[in-house]
Trainee: 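Dropping a structure here in structure tokens format, bear with me for questions.
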Amino acid sequence: MKNSRRHFLQQIAASAATLPFLSAYDAFGNSNFSASNLHPIIPQGPTLRVALMGLGGYASRVAEAMQSCKRAKITGLISGTPAKLDDWGARFAVPEKSRYNYENFDAIKDNPDIDAVYVITPNALHHDQAIRVAKAGKHVICEKPMALNAREGQEMVDACSRAGVKLLVGYRMHFEPKTVEVVRMRAAGEFGKIKFFQGLSGFRIGDPSQWRLNKQLAGGGAMMDIGIYAINGARYMVGEEPIWVTAQETKTDPVKFKEGVDETILFQLGFPSGAVASCLSTYNMNNLDRFFLNGEKGFAELQPSTGYGPIKGRTNNGELTQPHVTHQTLQMDRMAGIILDGDTPLIPVDGQEGLKDLKIIDAIYRACATGTKEELNLG
Ligand code: NAD
């Protein structure tokens, strides 16, 4: 494995002349900025064999994207609907012995063809399902939000640690080339001292009967689903952990957005350097997917910033031109490297990362309820 990795780095070095942005990465000289975590070419290595749990809308997207993966493959399926297991099993060549339901999936512990389970079910189910996967001795990839709150998130981190398995969160933007380039530029000081971030994350949600508008299954409203992108983005764009948050909630449709299901929340974050962030999370406005980062020497703007892409953006140096790669394909190939080779991604995707966002979400809900500034201690 070490050899193939070295071979890959040699290949990258050899091709640097044709890939102009690589020289800047190499010049950065920080081990976190190695070619392997900045470039969308996937190094060779063993294949991560993944069981998908919850065969709904997003799992379909992941499954299609995984058909182009170089290092990740669907080898198992978990669903409560037998017809879906048959259909997906045939489509993705998953044999019957590797198809499970929610009652019997603990038996994956005896399945040598599965390394990891990707939990893609409604938010409220993540906690118990991830812990069962960990107890079965398999790595966990869990969709965002990792859980409903920080207490649950901590229990998941602890369970995975006890079981000696990895816990990763489906933060696909952490591998997206334009996002990664902005983070590299910021970390290299190219924008100067960071002063301000704006994150606008929202869309108009449709069908009022869907689980996303059910507090029991979603754990909240827009914040759990889309606002989390502005929280997470604020952290990786600014490059610091926030130390306080203030938040205000507004609701124009209390029938659709019932008690405990947030429609629109404005929130502000403060960082140790003095940088501040102003963010909006909503289920009631369209065309709202924008990140803006401002520093003393420059700026970056991504719009769209977290949709399925292509992501578009520019900095004070001009247009960002990194190629679009299907987010979920890149994510799963990179996660294979993290799980199987111990790679360190530029922007973490581990359970601690998911937990930090949950701590901020808890504090945002508290701040909405009390109207006071909430201190954050993300460690
Ligand atoms: P979905 O409703 O399309 O699919 C959910 C699946 O879970 C369905 O197949 C459903 O049958 C199954 N399920 C199992 N138990 C269930 C129960 N008790 N109640 C309802 N459904 C149950 O939802 P989705 O859009 O695929 O979202 C699933 C997860 O993926 C969520 O956590 C969501 O936040 C996340 N997600 C992430 C992204 C991303 O870009 N990273 C995008 C969309 C969704």
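Just so you know, ligand 1 is whichever comes first in the structure, and atom 1 is the first atom listed for that ligand. Given the structure is predicted, the values throughout are model-derived calculations rather than measurements.
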Trainee: Would you mind listing every ring pair (Phe, Tyr, Trp, His ring centres under 6.0 Å) that reaches into residues 301-343, with sequence neighbours excluded?
Mentor: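 Non-adjacent pairs meeting ring pair (Phe, Tyr, Trp, His ring centres under 6.0 Å): His324-His327.
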Trainee: Checking contacts here: is it the side chain or the backbone of Tyr171 that comes within 4.0 Å of ligand 1, counting heavy atoms only? Could be both or neither.
Mentor: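 It is neither; nothing of Tyr171 touches ligand 1.
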Trainee: For ligand 1, note which part of Ile120 has a heavy atom under 4.0 Å away: side chain, backbone, both or neither.
Mentor: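 Both the backbone and the side chain of Ile120 come within reach of ligand 1.
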Trainee: Is Tyr229 in contact with ligand 1, taking contact as a heavy-atom separation below 4.0 Å?
Mentor: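 Per 4.0 Å heavy-atom rule, Tyr229 contacts ligand 1.
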Trainee: Are Asp362 and Arg151 ion-paired here, with the side-chain N under 4.0 Å from a carboxylate O?
Mentor: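 No, Asp362 and Arg151 are not salt-bridged.
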Trainee: Please determine whether any non-hydrogen atom of Arg212 lies less than 4.0 Å from an atom of ligand 1.
Mentor: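 Distance cut 4.0 Å: Arg212 passes for ligand 1.
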Trainee: Of the side chain and backbone of His126, name the one, both, or neither that has a heavy atom under 4.0 Å from an atom of ligand 1.
Mentor: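 Near ligand 1, His126 shows its side chain, while the N, CA, C and O stay back.
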Trainee: Using a distance threshold of 4.0 Å (strictly less than), state whether atom 29 (C) of ligand 1 has a protein heavy-atom neighbour.
Mentor: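 Yes, because at least one protein heavy atom sits under 4.0 Å from atom 29 (C) of ligand 1.
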Trainee: Taking only Lys NZ, Arg NE, NH1 and NH2, and the carboxylate oxygens of Asp or Glu, determine whether Glu319 and Lys312 approach each other closer than 4.0 Å.
Mentor: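 Judged by the 4.0 Å cut-off on N to carboxylate O distance, Glu319 and Lys312 do not form a salt bridge.
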Trainee: Answer side chain, backbone, both or neither: which part of Arg172 comes under 4.0 Å from ligand 1, heavy atoms only.
Mentor: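 Contact part for Arg172 vs ligand 1: side chain (C-beta onward).
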Trainee: So for ligand 1, is Gly56 a polar contact partner (N or O within less than 3.5 Å, distance only)?
Mentor: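 Checking ligand 1 against Gly56, an N or O pair does fall under 3.5 Å apart.
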Trainee: Closest non-hydrogen protein atom to atom 7 (O) of ligand 1, residue and atom name please, with distance?
Mentor: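 The answer is Pro122 CD, 3.3 Å.
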Trainee: Gln328 versus ligand 1: do any nitrogen or oxygen atoms come within less than 3.5 Å of each other?
Mentor: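 Checking ligand 1 against Gln328, no N or O pair falls under 3.5 Å apart.
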Trainee: Checking the N or O distance criterion of under 3.5 Å, is ligand 1 in contact with Gly57?
Mentor: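 Looking only at distances, the answer is yes, because the N/O contact criterion of under 3.5 Å is met.
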Trainee: Not counting sequence neighbours, list each pair that qualifies as a ring pair (Phe, Tyr, Trp, His ring centres under 6.0 Å) and has a residue in residues 111-162.
Mentor: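 Sorted result for residues 111-162: empty, none.
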Trainee: Check Leu125 against ligand 1 and report side chain, backbone, both or neither, counting heavy atoms closer than 4.0 Å.
Mentor: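 Looking at Leu125 and ligand 1, just side chain atoms fall under 4.0 Å.
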Trainee: Measuring from non-hydrogen atoms of Gly170 to any atom of ligand 1, is the shortest distance under 4.0 Å?
Mentor: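 Heavy atoms of Gly170 do come under 4.0 Å of ligand 1.
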Trainee: Taking salt bridge (Lys or Arg N to Asp or Glu O under 4.0 Å) as the criterion, tell me which of Lys97, Lys73, Arg99 meets it with Asp113.
Mentor: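 Running salt bridge (Lys or Arg N to Asp or Glu O under 4.0 Å) over Lys97, Lys73, Arg99 with Asp113 returns exactly one hit, Lys97.
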Trainee: Any non-hydrogen side-chain atom of Asn284 less than 4.5 Å from a side-chain atom of Arg204?
Mentor: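 With C-beta onward as the side chain, the pair touches.
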Trainee: For Tyr102, state whether at least one heavy atom is located under 4.0 Å from any atom of ligand 1.
Mentor: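 Within the 4.0 Å threshold, so yes.
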Trainee: Test Tyr365 against Asp262 for side chain to side chain donor-acceptor pair (under 3.5 Å), laying out the working first.
Mentor: CA-CA 9 Å; Tyr365 284 141; Asp262 49 287; 2.6 Å; yes
Trainee: In this structure, does ligand 1 have an atom that sits under 4.0 Å from one of the heavy atoms of Arg61?
Mentor: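 Arg61: no contact with ligand 1 (<4.0 Å).
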